[in-house]
Amino acid sequence: MHHTPATAPAAAPPAATAPVTVEDALRSRRSTRAFLPTPVPRSTVERLLGLAARSASNSNCQPWRVHVVTGAAKHALTAALLRAHADDDGRGRDYDYQPGQDGWPEPFRSRRRRFGESLYRDTLGIRADDIGARLCHHRRNYDFFGAPVGIVLTTSRHPQQSALVDAGLFLQALMLAARGDGLDTCPEASLIDFSPVLRRHLLIPDDQVIVCGLALGYADPAHRLNLLRTPREPVGAFATFHGDETE
Ligand SMILES: Cc1cc2nc3c(=O)[nH]c(=O)nc-3n(C[C@H](O)[C@H](O)[C@H](O)COP(=O)(O)O)c2cc1C
């Protein structure tokens, strides 16, 4: 059984633990899945978006767009997504971010299984066969894990592949910029399972591909979901150096 610790609403942002170096931002960014209700001022969100827009893009096309939802607008979007999830209605994705089981060759299949085990079994204490508890956690995606700010990232449909790369750069820049303000994030592909719902609700035009969602806010340091740490392969496992050894 998964219990969510009650969290008292905090009036002011937690004491700033803002990293000051790019290295700190990279090392401290992690997918945060429980947030304090502490609001994030609109001016802060605008500044972070402006920083993310410094990202490189194909010939400076800047194909990204964002929809920012807070307050009543966020509640309404969450309600629409939860309804669609409950009714299994309005499913559909603009691009194939999550292929089915057969779409994952090794070593990705094993890495995905290990990640699922660390999230559900080790962090939440949910057994593999406890579908109800797994669904209960999954539904929290649609509330942006309690974050006060929900972002839906879209990008140009043409040329789709380069626009998706550029949107990925924007997403990473936004997550790192957030660290600079002591804020945390969780990218959310789960939202795009219901892209027609997002499109209708946020009036997203057809020339835009819905890339993913992003939760933005102050991490709840007391929540066990935020204890999850993910490993990385060593550089030697993915980098090939060509040329002379210089040192
Ligand atoms: C585009 C994208 C979509 C993601 N979608 C989800 C999601 O829907 N729900 C979730 O809990 N985590 C999601 N994640 C988070 C990944 O599980 C996470 O990045 C990965 O396990 C590595 O952990 P870290 O971000 O804490 O370093 C997503 C990550 C990316 C890059």
Side-chain angles (χ1 to χ4, degrees), residues 12-14 16-33 35-78 81 94-95 97 141-158 160 162-192 195 198-199 201-205 207-219:
T17 51
V20 289
T21 67
V22 174
E23 175 164 348
D24 285 343
L26 281 161
R27 289 193 186 283
S28 66
R29 187 217 54 81
R30 58 186 67 100
S31 294
T32 296
R33 298 183 177 86
F35 291 85
L36 298 172
T38 313
V40 180
R42 175 158 169 175
S43 56
T44 301
V45 179
E46 282 182 5
R47 198 171 52 76
L48 297 178
L49 291 172
L51 288 171
R54 297 305 310 164
S55 298
S57 64
N58 188 339
S59 305
N60 202 23
C61 283
Q62 308 163 68
W64 46 74
R65 295 278 179 276
V66 292
H67 291 255
V68 181
V69 291
T70 56
K74 195 198 125 193
H75 285 302
L77 179 61
T78 296
L81 289 167
D94 290 348
Y95 74 111
Y97 189 73
N141 276 280
Y142 302 119
D143 182 35
F144 297 90
F145 297 111
V149 181
I151 294 175
V152 174
L153 172 65
T154 75
T155 198
S156 173
R157 197 176 288 280
H158 303 288
Q160 191 171 128
S162 90
L164 280 170
V165 170
D166 296 348
L169 298 180
F170 179 91
L171 177 67
Q172 173 78 333
L174 181 55
M175 295 191 292
L176 294 176
R179 290 305 303 132
D181 276 28
L183 287 157
D184 279 286
T185 52
C186 186
E188 294 191 84
S190 44
L191 263 55
I192 63 170
S195 287
L198 294 169
R199 189 175 295 284
H201 203 88
L202 300 172
L203 304 178
I204 296 170
D207 64 357
Q208 293 287 302
V209 168
I210 306 179
V211 180
C212 68
L214 184 76
L216 172 71
Y218 293 98

Asker: Are D94 and R199 packed together at the side-chain level, in the sense that at least one heavy-atom pair is separated by less than 4.5 angstrom?
Answerer: yes
Asker: Enter the distance from M175:CE to L48:CG here, rounded to the nearest 0.5 Å.
Answerer: 12.5 Å
Asker: Evaluate the side-chain proximity of D181 to V40: yes if any heavy-atom separation is below 4.5 Å, no if none is.
Answerer: no
Asker: Does C186 offer a backbone N or O that forms a donor-acceptor pair with the side chain of T32 under 3.5 Å?
Answerer: no
Asker: Counting C-beta onward and ignoring hydrogens, is there a side-chain heavy-atom pair between D24 and R179 closer than 4.5 Å?
Answerer: no
Asker: Answer whether the closest heavy-atom distance between the side chains of Y95 and I192 falls below 4.5 Å.
Answerer: yes
Asker: Heavy atoms, side chains only, cut-off 4.5 Å: are S162 and Q160 in contact?
Answerer: no
Asker: OG/S195 to CD1/I204 distance, rounded to the nearest 0.5 angstrom?
Answerer: 8.0 Å
Asker: Please check if the number of heavy atoms outside R47 that lie under 6.0 Å from its CZ is greater than 12.
Answerer: yes
Asker: Which of these passes side chain to side chain contact (heavy atoms under 4.5 Å, CB included) with F35: D184, L216, L183?
Answerer: D184
Asker: Any donor-acceptor pair under 3.5 Å linking the side chain of S59 with the backbone of C61?
Answerer: no
Asker: From L77 CG over to T70 OG1, what is the distance, rounded to the nearest 0.5 angstrom?
Answerer: 11.5 Å
Asker: Can you measure from NE2 (H201) to NE2 (H67) and round to the nearest 0.5 angstrom?
Answerer: 11.5 Å
Asker: Would you check if L81 and L198 make a side-chain contact, meaning some heavy-atom pair closer than 4.5 Å?
Answerer: yes
Asker: Side chain to side chain contact (heavy atoms under 4.5 Å, CB included) between R65 and V211: does it pass, once the steps are laid out?
Answerer: CA-CA 10 Å; R65 295 278 179 276; V211 180; over 6 Å; no
Asker: Please tell me if the side chains of F170 and T155 come closer than 4.5 Å, counting only heavy atoms from C-beta onward.
Answerer: no
Asker: With no hydrogens and no angle check, is any side-chain donor or acceptor of K74 less than 3.5 Å from a backbone partner on I151?
Answerer: no
Asker: Do L171 and W64 come within less than 4.5 Å of each other through their side chains, counting heavy atoms only?
Answerer: no
Asker: Please round to the nearest 0.5 Å and tell me the distance separating atom CG of L174 and atom CG of L169.
Answerer: 12.5 Å
Asker: Hey, could you give me the CG/OG1 distance between L202 and T154, rounded to the nearest 0.5 Å?
Answerer: 9.5 Å
Asker: Begin with the C-alpha distance, continue with both residues' side-chain angles, and end with the deciding distance and a verdict on side chain to side chain contact (heavy atoms under 4.5 Å, CB included) for R29 and L176.
Answerer: CA-CA 7 Å; R29 187 217 54 81; L176 294 176; 4.2 Å; yes
